[in-house]
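This report refers to the structure that appears directly beneath it.
Order of the sequence lines fixes the chain letters, A, B, ..., with proteins taken first and strands second; residue numbering starts at 1 for each chain.
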Number of protein chains: 2
Amino acid sequence: MPASERLGSHLKRAEQALGATKSAVLKPAGLTVAQYSALLHLSGNSGISAAALARLCGVTPPTMNTVLKNLQERALIERTPHEWHRNVLETRLTDEGRAVMADADARAVRVERALAAEFTDAERAELVALLGRCVAVLERERP
Amino acid sequence: MPASERLGSHLKRAEQALGATKSAVLKPAGLTVAQYSALLHLSGNSGISAAALARLCGVTPPTMNTVLKNLQERALIERTPHEWHRNVLETRLTDEGRAVMADADARAVRVERALAAEFTDAERAELVALLGRCVAVLERERP
DNA sequence: TGACGATCATTAGAGCTCTAATCTAGATTC
DNA sequence: GAATCTAGATTAGAGCTCTAATGATCGTCA
């Protein structure tokens, strides 16, 4: 089966282009794509646990742990024990984290707007629908 | 800008699902997705250089070097100096590499067929076209 | 001949990602 | 009350990925 017939190849290429562009535009902000993703979901869910944040970002807890460790070393986030559940660490943005996030978000949104501007409303909806069906069939095929 | 409006989020989720499924079906064959990709292009381009293989797979030469090192340790490939260009290493599948590749390919193609079967010809063409436009605009946006 | 440029290979270092395993703490159940 | 279950955090280890830098080789061109 030739690569050009494989939908997966096209999907992968598109995602690679997305990752490369996001990575490039986030570099001046001093964040990786994974770090931006974590801060983005964190900014809308202050005090969330690392495990919950991992679920939002679609990664595993150890992966999120790695990312958070780097963010904490740079003082962009802080993690404090939960009042009741002593086992849970609440994660929050610091003031500096909020500032870096605002800068990075502006850059990332610029890419998203450029991407969205390429398509009509109908095309965007069509693309989202097709991608959704890809996810559904792929999850069904998982052993 | 909410995540659900970001085309990038949908793209990323689809690619994550693809990667997770491919990774799961390739596991019994003993290959990672990156290793399968390398062997696949290698099977159609025997004697190719690592740098050229990296270009085919869409990764950097050091990345391909890492992947090839692991494949070589498992004796799935062999690398011999080029006759004339002493600096170039020719990479080839071993007999065992060919066998592993055949097994892995059957599993991977099964996923691709399931994915393709979800769509009509028109839908497939539409998806490929939309993804292609994504790549174009993303590469244009790269600083 | 010698300098330059292109291509390839490789190393070093940082970061992301996973699986598997372990540890803790709270909740449930018997 | 004790065993079990669930959920979160963490460590260990393997693998992929990148950028940056280095070194080797070949071809071209002055």
Please work out if A/Ser49 contacts a base, only the sugar-phosphate, or nothing of the nucleic acid, heavy-atom cut-off 4.0 Å. sugar-phosphate
Greater than 12 external heavy atoms within 6.0 Å of B/Arg113's CZ: no
Could you check how far NZ of B/Lys69 sits from C1' of C/dT10, rounded to whole Å? 11 Å
Taking only the side-chain nitrogens and oxygens of B/Asn65, find out if one of them lies under 4.0 Å from OP1 or OP2 of C/dT11. no
By nearest atom, which of the nucleotides C/dT10, C/dT19, D/dC16 is closest to the B/Lys27 side chain? C/dT19
Any idea which of D/dT19, D/dT17, C/dC18 is nearest the B/Thr63 side chain? D/dT17
I want to verify a distance call: between C/dC8, C/dC16, D/dC16, whose nearest atom is closest to the B/Gln35 side chain? D/dC16
Counting side-chain heavy atoms from CB outward, which of D/dA12, C/dG15, C/dT10 is closest to A/Thr32? C/dG15
Spell out yes or no: do the side chain of A/Asn87 and the base of C/dT24 have one donor N/O and one acceptor N/O closer than 3.5 Å? yes
State which of C/dG26, D/dT17, C/dC18 makes the closest approach to the side chain of A/His85. C/dG26
What's the closest nucleotide to the A/Arg79 side chain, out of D/dT10, C/dT19, D/dC16? D/dT10
For residues 17-34 of chain A, which residue pairs pass the salt bridge (Lys or Arg N to Asp or Glu O under 4.0 Å) check, not counting sequence neighbours? A/Lys22-A/Glu112
Consider the side chain of B/Thr60, meaning its heavy atoms from C-beta on, and name the nucleotide among C/dC18, D/dT19, D/dT17 that approaches it most closely. D/dT19
Remember a base hit wins even if backbone is also touched, and classify A/Val59 as base, sugar-phosphate or nothing at under 4.0 Å, heavy atoms. sugar-phosphate
